[in-house]
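What follows is a single structure, written as structure tokens, with notes after it.
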Amino acid sequence: MTMAEEEAPVLATLADITAVSLERSTLEPRELMLARIAALAAVNAPGASYLLNAGTAVDVGITLEDIRGVLIAVAPIVGTPRIVAASTNLVQTLGFALEMAEAELEAEAGD
């Protein structure tokens, strides 16, 4: 067991599940991440779930415009409350991610 698995076994398990999903899916990585974003909106996922997928989404070229397009596409199916919640969770997640990035930059500048 690695140090990360010992310190955060739930996150390590989620990372493993995600890796297997990426390996076994027949979708291209970008398509897979768009489908995941749609699913997150459909199940009213919390911001942390979006954060767990954000890095991979960025890595495969997903843009905010893509996310907006996905939310518009699934709105008639999942409904207004889910889209509003997803949008709110995404904004909060992006704010948190920006704060973390700024903190890392400040820490690096202080070194």
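Because the structure is a prediction, the values reported are computed rather than measured.
Closest heavy-atom contact between L40 and Y50: C-OH, 3.5 Å. Across all their heavy atoms, I62 and M33 have their closest contact at CG1-CB, 4.1 Å. Closest heavy-atom contact between A41 and L71: CB-CD2, 3.7 Å. Scanning both residues, N44 and A85, for their nearest heavy atoms gives OD1-CB, 3.1 Å.
In terms of the side chain to side chain contact (heavy atoms under 4.5 Å, CB included) criterion, residue partners of L32 (sequence neighbours excluded) are, by chain and number, S21, L22, S25, L27, R36. In this view, R30 and D66 satisfy the salt bridge (charged side-chain N to carboxylate O under 4.0 Å, His left out) rule, not counting sequence neighbours.
Cluster membership for V60 and L34, using ILVMFWY side-chain heavy atoms within less than 4.5 angstrom, is shared.
Under the 4.5 Å side-chain criterion, counting only non-hydrogen atoms from C-beta, V78 is in contact with I83. A heavy-atom distance below 4.5 Å is found between the side chains of L52 and L11.
A donor-acceptor pair is defined here as one N or O able to donate and one able to accept, closer than 3.5 Å; no such pair exists between the side chain of Q92 and the backbone of N89. Between the T88 side chain and the V84 main chain, a donor and an acceptor come within less than 3.5 Å of each other.
We find the CD-CD distance between E104 and E102 to be 11.0 Å, quoted to the nearest 0.5 Å. The structure places CG of L90 at 8.5 Å from CG of L64, a figure rounded to the nearest 0.5 Å. Rounding to the nearest 0.5 Å places CD1 of I37 at 12.5 Å from OG of S49.
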(request) Could you please spell out the steps behind the side-chain contact (heavy atoms from CB on, under 4.5 Å) verdict for V91 and S87? (result) CA-CA 6 Å; V91 168; S87 298; 5.5 Å; no
